[in-house]
Amino acid sequence: MALGDLMASRLIHSSSSPSPSAAPAPPPLPNHHSHVADGLPVANGIPEPRNGLEPADAERPAPVAYLPHLVVLCDQRHEGLDEAAAAAGPSTSGLVSKWRPKDRMKTGCVALVLCLNISVDPPDVIKISPCARMECWIDPFSMAPPKALESIGKTLHSQYERWQPKARYKLQLDPTVEEVKKLCSACRKYARSERVLFHYNGHGVPKPTSNGEIWVFNKSYTQYIPLPITDLDSWLKTPSIYVFDCSAAGIIVKAFLERLDWSSSSSASSQKDCILLAACEAHQTLPQSAEFPADVFTACLTTPIKMALHWFCKRSLLCGSLDNSLIDQIPGRQNDRKTLLGELNWIFTAITDTIAWNVLPHDLFQRLFRQDLLVASLFRNFLLAERIMRSANCSPISYPLLPPTHQHHMWDAWDMAAEICLSKLPQLIADPTAEFQPSPFFTEQLTAFEVWLDHGSEDKKPPEQLPIVLQVLLSQSHRFRALVLLGRFLDMGPWAVDLALSVGIFPYVLKLLQTSATELRQILVFIWTKILSLDKSCQVDLIKDGGHAYFIRFLGSLDAYPEQRAMAAFVLAVIMDKNRTGQEACINAGLIDVCLRQLQPENPPDAQTEPLLLQWLCLCLGKLWEDFPEAQLLGLQSAPEIVTCLLSGPQPEVRAAAVFALGNLLDIGSTSSNGADDDSDDDERVRAEINVVRSLLQVSSDGSPLVRSEVAIALTRFALGHNKHLKSVAAEYWKPQTNSLLRSLPSLANISNPSNVYSPNSILQGSSGLASHIGPVLRVGSDNSAAGRDGRFSTSSPIATSSILHGSPQSDDSSQHSDSGILLRENASNGGLSYTRSRPADNAIYSQFISTMCSVAKDPYPRIATIGRRALFLIGVEQVVMKNTRFNSGGAHQGEASTSNFGMARSSSWFDMNSGSISMAFRTPPVSPPQHDYLPGLRRVCSMEFRPHPMNSPEGLANPLLSSAAAPSNAELSILPQSTIFNWSCGHFSRPLLTGSDDTEEANARREERERVALDCVAKCQRSSCKMTSQIASWDTRFESGTKAALLLPFSPIVIAADENEHIRVWNYDDALPVNSFENHKLSDRGLSKLLLLNELDESLLLAASNDGNVRIWKNFTQKGGQKLVTAFSSVQGHRTAGRSIVIDWQQQSGCLYASGDMSSIFVWDLDKEQLRSTIQSSADSAISALSASQVCSGHFTAGFSDGSVRIFDVRTPDRLVYMARLHAPRTEKVVGLGFQPGFDPYKIVSASQAGDIQFLDVRGAAEPYLTIEAHRGSLTALAVHRHAPVVASGSAKQMIKVFSLKGDLLTIIRYQPSFMGQRIGSVNCLSFHPYKSLLAAGAGDNALVSIYAEENYK
């Protein structure tokens, strides 16, 4: 099963679906439907045909309200970058690794002490007749006592040896105190730090004394000699395990516990590792019934199957028909599961393990059942002893104390298995060649586990069959089914993985990686994915056992599903995460080639369509190269060309992972930064790194913060690795200039650089932010080629670069551009830094880098801006927040500095550079004269004091800690920001992959309900009079600068308003109560352009567009204090709009955001892919002043210009421009408002100009408007067009709102009325209709009121 097949197909809907929510496909031909908006009657839902409409078309049903199904920005990555930064990824410690035994132990030595004194009964024992006599299944009276004693000793030795064959065994039969002491000392000496087992059989001596002394003999066997338990403990020391098989054994346990309490209280050392197993409690004697052996406790502990079957046989229906002696003849070996004896032993192990795991606390289960093989066997068998001996009124006890298990229902399963076995026994003994039929036990238990999987959850009791699943993995016949069920269980969440690991699954699945069975590959990869998504510490075990090779082979096998190969890549990435041994093992196994082969566009095709695989191939490569110079050198040879292709891919996660991979090719300790070696390999490396950085600069203004964050981190690595060059370029760039030089405008050189393959417009998008703040600084030399030829280090201007690339007013269109920027040369009088190495191309990139990082430092996403400031700080450039206050004589005049420009300042380390033969004294540089014409935001740090500003301080000031040493210092490394994409991506695999989430069902139900409400509201508002005569609410927003934008939510009585300072307030107009209030951002550069609602039928998002082109999108904005930034980006790609507001609109069904402003370009963003889809040149001489996207026809939008013209564009057509008209001629006032007319006609638009006229146009008709309304005289400020109702509204600066029908009838005038009860409105700043109801919100510019108007009968 392909794991990806189960993803919800939420976004795919057939346009032919009869359901009301299905969207009608936009007609390719002009649509002449008459609709309700025209005010014509519609009979039976079929509009009257007109204009010669053909009958086939006329029979179409009237279109319903368009309800788009596309939902954007609701993926996992939109939970927030800050959460991604906090994502821990797979854990290496804490709760998770508790499953791993802290210290594996081994029992190295076993001391067997038998005090039987055969034929002499102790004085305190009165035996019944017949009495239990068997010791180790031998009747001691069947032979001479000395021989019997020796025989019993040897048999006990062999019984223990089956459980721990590698231990050393020492036997003492009827010993003295001295012999016991010698035995204990020898055992401890041999075992060293390993565990020693001391087994004591006291059937031939009195019960232990009340002081906890056991009895041994004197040399002549005439006396019983007491042996204090304290002496025994002091000889054996710790770790140890004691087995006491004697009556009243509980006394010994009690004495031991008192000693442990005393020793733990008297010494600070931790409690001893001491385990005790005793045959009965202090007041009990051992069973004497002849149905039991005399050493029934020892028999249970060392021969459990034989003991269990003997005991069961006497109690079952078989007791009359089965000869007991057959039990000793069960065919097979205990370690061969394909024989009867082996299978019984296997079932017994599974059942006792299961009982222990379900009853014991997990840490105790780990200690007793998983730490030491012999201890685990003894405790499994101890559970049997408890069951059998309690039937004889004798209760075995242990330390640590176990809860009672003798009545656990799993014993019923054992009885059933025993009965099946015993019923087959006579036949198997009679015919040794008979075929062995396996027991149905494991099949039934797997079925029970499967039933639990169908109905269980984290909140319910864990599946008790989990230890049995573990045992089933040992069987080839059940293994595949068990692995599949185990995979389903692990998929339920981290809690399930933790349970499975705590039960001991790990060594089993590790061993299975050595199998070559192809049918197990996919499920094993899935299981390891689940384990490693929870606990990264397993990486060491995988490398040690060569497990990485298994996953590399699987990753290279193209017959596996792409999703499963992505899991293999994930496993390999975790193996290499911060693990040099793992990186070396994987590089030696050829992982780079395996990954690159699948990343190449032509091979294989499925990799290109499976983003998860692409993402993890990149992350895998990134982890392979991370901080591993040798691997980076290998990677730089062929990888960048292949990985760079993914930077333009449609999935943000893939782009971010590709950036992560490329960023890890950059060596932060690069020797190139010392500028002292001319090694050709090093030169090649620097060239390769610079090509990588050139690729990264292209995506520095990607629409996804996830991608931009990774770019910023990668570029910060570059800043560390190439620190000295960058500091030099920064210092050269911002060094003192003469007034005449500064006041002269730059003349642009003609540059041609055929060696570069990148196109100019693809480089450095979004880097011209610096240009608008600093302006031209350096004169451009006229002969740049000479600079390259004569080897001098020429500086390139980031400002000139970015200006040219964006065609801003500073650029000269006739010049030829190169992507590497403009090579600048300065007059010799300005001085210059001379270098031992000439690298002009590098310098151009270094300048582009600085310019790009200036833009990154102003990123609308706060975390990315912080990373940008860190990178600038690393190269000695400080971010300065300029306040609009009067400076002293050395600064700019008041008002000439922008209130919030992020300017550039040289840090105090700017002169700490190698300046050739000139030695610079450590002095404060002189203050240059004020240059406020060109340098409003630039200042030099004059003081040499290091100010203690933390990196994340709100001012954004950075403390320059940098020296000019080549290698990065610890201080620099400590501020290197950590990538988030890897840990964030790991989270995907810790979530359920096999089942759909329940959330989608809830979302679908909510959406269907909203669609129903929307359709009802649309039907009502289309029939309504639309006379907005009733003011139903008036809200004083208390904005200081008036209301700039207002928005009515579709399904709740909430209005959102914002002011020029980007304060956003949310208000409930039914209850007249504030709901929430927050700032769009905390920067000082403010100005709001528009508010828009995304995904209005689902989880709605609020888009707030700022004047500078930055777009921020919020969720949970109606929860008090709960608003959360989903994404933020610059919608105009770094173009500044010269103080004017940008214009922006949203089209839900295409997922496109259209943005423009005081520029010739219109940017079309695909918010689903978070990517710039296209840039459309408007080919107009004037700026765009209004934008409106069609809500009917995907890809259609119209733009209004400041010269009064209107153009319609279709992004799907090659030439884009569909229509152009000068609607407002002869007037040339700018278009203030624009919109497609209500209903489903994509060819009718409404346009309003500042002059006050509203024009109605049908694109299919003549170029002239078919209706003109002179709404206001020269003061029209706002236009709103209802999406469904046949109504438009306009507002003016003269405190008036007019509402018109589509035929031009004036329906309502709302004026300023000075009376006490009258409607107060100010100069109208914004108008907004409710999407589905006849409601109008109006925001005033001078008194900060937001008023909401409805019809008279509004409820």
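Heavy-atom basis, side chains included; hydrogens, waters and symmetry copies ignored. In this text, all values refer to a predicted model and were calculated from it rather than measured experimentally.
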Given T209 and N211, is the side-chain hydrogen bond (donor to acceptor under 3.5 Å, both in side chains) satisfied, shown in steps?
-> CA-CA 5 Å; T209 67; N211 295 331; 4.9 Å; no

Using atom types as modelled and distance alone, determine if a side-chain donor or acceptor of Y200 lies under 3.5 Å from a backbone N or O of C115.
-> no

Is a donor on one side and an acceptor on the other found under 3.5 Å between the side chain of T303 and the backbone of A299?
-> yes

When rounded to the nearest 0.5 angstrom, what is the spacing between CZ in R380 and CG in L368?
-> 11.0 Å

For R367, what residues pass the salt bridge (charged side-chain N to carboxylate O under 4.0 Å, His left out) criterion, not counting sequence neighbours?
-> D273

Go through the steps to decide whether D372 and R195 satisfy the test salt bridge (charged side-chain N to carboxylate O under 4.0 Å, His left out), and finish with yes or no.
-> CA-CA 9 Å; D372 181 324; R195 200 187 303 278; 3.1 Å; yes

Do you know which two heavy atoms are closest between P239 and R188, and how far apart they sit?
-> O-NH2, 2.8 Å

Kindly determine whether W346 and F442 satisfy ring pair (Phe, Tyr, Trp, His ring centres under 6.0 Å), including the steps that lead there.
-> CA-CA 10 Å; W346 185 27; F442 287 107; 4.0 Å; yes

Do K314 and E291 sit within salt-bridge range, that is, some charged N less than 4.0 Å from a carboxylate O?
-> no

So, are D328 and K306 salt-bridged, with charged N and O less than 4.0 Å apart?
-> yes

Begin with the C-alpha distance, continue with both residues' side-chain angles, and end with the deciding distance and a verdict on side-chain contact (heavy atoms from CB on, under 4.5 Å) for I118 and I152.
-> CA-CA 11 Å; I118 295 171; I152 291 166; 4.2 Å; yes

Between F379 and L402, what is the shortest heavy-atom contact and its length?
-> CD2-CD1, 3.8 Å

CD-CG distance between Q172 and L183, expressed to the nearest 0.5 angstrom = 5.5 Å

Run through L236, I229, I252, V253 and flag the one making a side chain to side chain contact (heavy atoms under 4.5 Å, CB included) with Y242.
-> L236

Short question: side chain of E179, backbone of T176 - any donor-acceptor pair under 3.5 Å?
-> yes

Please name all residues satisfying ring pair (Phe, Tyr, Trp, His ring centres under 6.0 Å) with F312, sequence neighbours left out, ordered by chain then number.
-> none

Give the intermediate values and the outcome of side-chain contact (heavy atoms from CB on, under 4.5 Å) for residues H199 and L156.
-> CA-CA 10 Å; H199 178 102; L156 182 63; 3.7 Å; yes

Note: I531 and C538 closest approach over all heavy atoms is CG2-SG, 3.8 Å

Taking atom CD of Q407 as the centre, does the number of heavy atoms from other residues, nucleotides or ligands within less than 6.0 Å exceed 12?
-> no

Can you tell me how far CZ of R390 sits from NE2 of H406, rounded to the nearest 0.5 angstrom?
-> 4.5 Å

Trace of the side-chain hydrogen bond (donor to acceptor under 3.5 Å, both in side chains) decision for T107 with E194 = CA-CA 6 Å; T107 301; E194 292 176 345; over 6 Å; no

Taking the six-membered ring for Trp, are W411 and F348 parallel (under 30°), tilted (30 to 60°) or perpendicular (over 60°)?
-> tilted

T222 and N218: CA distance, side-chain angles, deciding distance, side-chain hydrogen bond (donor to acceptor under 3.5 Å, both in side chains) verdict = CA-CA 7 Å; T222 57; N218 65 355; 2.7 Å; yes

Enter the distance from N358:CG to F365:CZ here, rounded to the nearest 0.5 Å.
-> 9.0 Å

Side-chain ion pair, D233 and R259, N-O less than 4.0 Å | yes

Taking atom CZ of R162 as the centre, report whether more than 12 heavy atoms of other residues, nucleotides or ligands fall under 6.0 Å from it.
-> yes

Under a 4.0 Å N-O cut-off, is there an ion pair linking K182 with E178?
-> no

Is the distance between the ring centroids of W357 and H362 under 6.0 Å?
-> yes

State plainly whether the residues R133 and D295 are in salt-bridge range, i.e. N to O under 4.0 Å.
-> no

Is the backbone of T349 close enough, under 3.5 Å, to the side chain of Q471 for a donor and an acceptor to pair up by distance?
-> no

Under 3.5 Å, is there a donor-acceptor pair between the H408 and E464 side chains?
-> no

Taking every heavy atom of K207 against every heavy atom of W215, the minimum-distance pair comes out as O-NE1, 2.8 Å

Decide whether T405 and E386 meet the rule of one side-chain donor and one side-chain acceptor closer than 3.5 Å.
-> yes

Enclosure of I128 CD1 (heavy-atom neighbours >12, cutoff 6.0 Å) | yes

Can you check whether C274's main-chain N or O pairs, donor with acceptor, with S240's side chain at less than 3.5 Å?
-> no

Given side-chain hydrogen bond (donor to acceptor under 3.5 Å, both in side chains), test W163 with T302 step by step and report yes or no.
-> CA-CA 8 Å; W163 302 107; T302 57; 5.7 Å; no

CD (E150) and CE (M143) are apart, to the nearest 0.5 Å, by 10.5 Å

Selection residues 275-288 - residue pairs positive for side-chain hydrogen bond (donor to acceptor under 3.5 Å, both in side chains), sequence neighbours left out = none

Does atom CE of M134 have more than 12 heavy-atom neighbours, drawn from other residues, nucleotides or ligands, at distances under 6.0 Å?
-> yes

Short N-O contact, D353 and R370, less than 4.0 angstrom = yes

Could you pull out the closest heavy-atom pair between A294 and H203, with the gap in Å?
-> O-CE1, 3.3 Å

Spacing of F217 atom CZ and D174 atom CG [to the nearest 0.5 Å] | 4.5 Å

Nearest heavy-atom pair of I275 and V375: which atoms, and what distance?
-> CD1-CG1, 4.0 Å

For H310 and W137, run ring pair (Phe, Tyr, Trp, His ring centres under 6.0 Å): C-alpha distance rounded to whole Å, both residues' side-chain angles, the deciding distance at 0.1 Å, then the answer.
-> CA-CA 12 Å; H310 273 285; W137 304 102; 5.3 Å; yes

L257 atom CG, neighbour heavy-atom count above 12 within 6.0 Å | yes

